[in-house]
K.L.:
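Dropping a structure here in structure tokens format, bear with me for questions.
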There are 2 protein chains.
Amino acid sequence: MAGNTGNPGATVTARVIAVLAAFDERHRRLGVTDISRRSELPLSTTHRLLGELVAHGALQREGRDYVIGRRLWDVGLLAPVQTDLREAASPFLHDIYAATRATVHLAVRDGNEALYLERLSGRSSVAIVSTVGSTLPLHATGVGKVLLAHAPQDLCREVLSRLSAVTPHTVTSPRTLTAQLERVRSNGYATTEDEMSLGACSVAVPVRRRGDVVAAIGVVVPTLKRDRGRLVAALQVAGRGIGRHL
Amino acid sequence: MAGNTGNPGATVTARVIAVLAAFDERHRRLGVTDISRRSELPLSTTHRLLGELVAHGALQREGRDYVIGRRLWDVGLLAPVQTDLREAASPFLHDIYAATRATVHLAVRDGNEALYLERLSGRSSVAIVSTVGSTLPLHATGVGKVLLAHAPQDLCREVLSRLSAVTPHTVTSPRTLTAQLERVRSNGYATTEDEMSLGACSVAVPVRRRGDVVAAIGVVVPTLKRDRGRLVAALQVAGRGIGRHL
DNA sequence: CTGCATTCTTCCACTGAGTGGAAGCACGGG
DNA sequence: CCCGTGCTTCCACTCAGTGGAAGAATGCAG
């Protein structure tokens, strides 16, 4: 009786997506067994799907492992993910980079996380953890704090109730963070020091469209000692510029 | 007899990819019927697949139409498409932008086309036709000519045998182009004037790794009259810089 | 408003594409 | 050499997928 009952209720499409979803920032390269485990699909099913996906260019083989293929890269780029915002921001992000030589970020709030839309990599020695397309917690990054400070009350409360520590310096006290967010609103900018990654500080300001905060831009630098004022000024100029082009 | 025989030999995976492949640069937003036609799948099959893909975030509805979804955007970004080259090039592309304020391109040869890997958009009035992730013909763009000038003999011959006119100024004579490519090799840079898009000129230089041309970088400007020398110089500095970091 | 063309959505009986357990390989470490 | 781990192939069973057709919605022209 080697026969089989199939798996009632599951569409092939869902399985295909599950396979693709096995890949993320920390797993760009995976073997059959890993993908099978992460997608919770039977090994042999996974194996066949992978073969088909490779045949159509959605994935590529790299030795025994699999990586996302060219086909998905250029299809993915067609997604209208805040296209207008990214277009409008692009030149201003360059300006910030030119003025600071630091790593520059553009992010929006996606639920209770910060979604990174754009990144210009500086040549500094700071370890950068962000990646375009991935998300980071709202309470531990500069752009995150800006977005959180201007998020709806209840979402803010929800985030404050579960503050995970990323580094020993991450702010995990709701009281402290609430006070910080208040200052973000009154001062017009947010800062972090070693809160997401040791040896990395950040400054961020909001981008507004007709008063509403729709995004945040920020820079990551090794230290804030000297440059805070200069960085804030450069960011605010850019932030207003972007807002004017939305 | 409303029954059905299915379509022997077709996997669901293939259909899913066919649906996704219906989207491209010029068709970012499509209705069911269009997708059905472009993917050559029966209408009702297409309709169901679209529903499933939307349910899993691979596509998104926009009114009646469909667009590529967030899920595919961030998965696509994980693809290792010349990642090292793009990493290495990034700061130098910014330098070029800072020095020229023009639209900057990074491209590699993909078969008989130029594949655009990176683009920094200038604020100039020039109409830019390139898009990251899409391809343009080798004979009508600056980066394309550089890549063609250093392509294998037989590929070059093949391209020369089918020179399509994109604008009235596109070079379609094999003799003329051959001469131009010779000059690209001896001068170390290529130019175009109104050949891809009217009112747009370009300059491009090769990026070499251990002597081999592995990519091309270029700028698009409204006119070459004044700045040719300055542009070539800026590009060549960057080109060598990138090469040193590969 | 009415009629016609086009596109979108739903339905359903049939069946072969997809399934997954198991067996067979291939590699590598002890 | 053996054993653990991961990759690949096999195959009988069956339900997920199929696609023609009918019906609903939209849009345009007269």
K.L.:
Could you check whether the rings of A/H94 and B/H94 sit parallel, tilted or perpendicular, using 30° and 60° as the cut-offs?
P.N.:
tilted

K.L.:
Expressed as a whole number of angstroms, how long is the span from B/N7:CG to C/dG16:P?
P.N.:
11 Å

K.L.:
Using the closest heavy atom to pick a nucleotide of DNA chain D for each, name whichever of B/E52 or A/D34 lands nearer the 5' end.
P.N.:
A/D34

K.L.:
Quickly work out the A/L49 CG to C/dG18 C1' distance and round it to whole Å.
P.N.:
9 Å

K.L.:
Tell me, which of residues 58-67 of chain A have any heavy atom that sits under 4.0 Å from an atom in DNA chain D?
P.N.:
A/R61, A/R64, A/Y66

K.L.:
Would you say the side-chain atoms of B/T170 pair up with the backbone N or O of B/V166, donor to acceptor, closer than 3.5 Å?
P.N.:
yes

K.L.:
Suppose we call a contact any N or O donor and acceptor under 3.5 Å apart; does that hold for the side chain of A/T45 and the base of C/dG18?
P.N.:
no

K.L.:
Among C/dT7, C/dT19, D/dG6, which is the nearest nucleotide to the side chain of B/R37?
P.N.:
C/dT7

K.L.:
When you measure from the side chain of A/R15, which nucleotide among C/dT10, C/dT19, D/dT8 comes out closest?
P.N.:
C/dT19

K.L.:
Looking for any heavy atom pair under 4.0 Å, which part of the strands does A/T11 touch: base, sugar-phosphate only, or nothing?
P.N.:
sugar-phosphate

K.L.:
Residues two or more places apart in sequence or in another chain: which of them pass salt bridge (Lys or Arg N to Asp or Glu O under 4.0 Å) with B/D194?
P.N.:
none

K.L.:
Taking CG from B/L50 and P from D/dT18, how many angstroms apart are they, rounded to a whole number?
P.N.:
12 Å

K.L.:
Charged N to carboxylate O below 4.0 Å: is that the case for B/R28 and B/D65?
P.N.:
no

K.L.:
Do A/E25 and A/S134 have side-chain N/O donor and acceptor atoms under 3.5 Å apart?
P.N.:
no

K.L.:
Quick one: side chains of residues 53-62 of chain A, donor-acceptor pairs under 3.5 Å with protein atoms, not counting sequence neighbours, listed by atom name and distance.
P.N.:
unit_1	atom_1	unit_2	atom_2	d
A/H56	ND1	A/E52	O	2.8
A/R61	NH2	A/R64	O	3.2
A/E62	OE1	A/R29	NH1	2.9

K.L.:
Just N and O in the side chain of A/R48: are any of them under 4.0 Å from OP1 or OP2 of C/dG18?
P.N.:
no

K.L.:
Given that B/V12 and A/H47 both sit by DNA chain D, which one's nearest nucleotide is further toward the 5' end?
P.N.:
A/H47

K.L.:
With a 4.0 Å cut-off, would you call A/R208 and A/D212 a salt bridge?
P.N.:
no

K.L.:
Categorize A/L43 for me: base, sugar-phosphate, or nothing, with a 4.0 angstrom heavy-atom threshold over every strand shown.
P.N.:
base

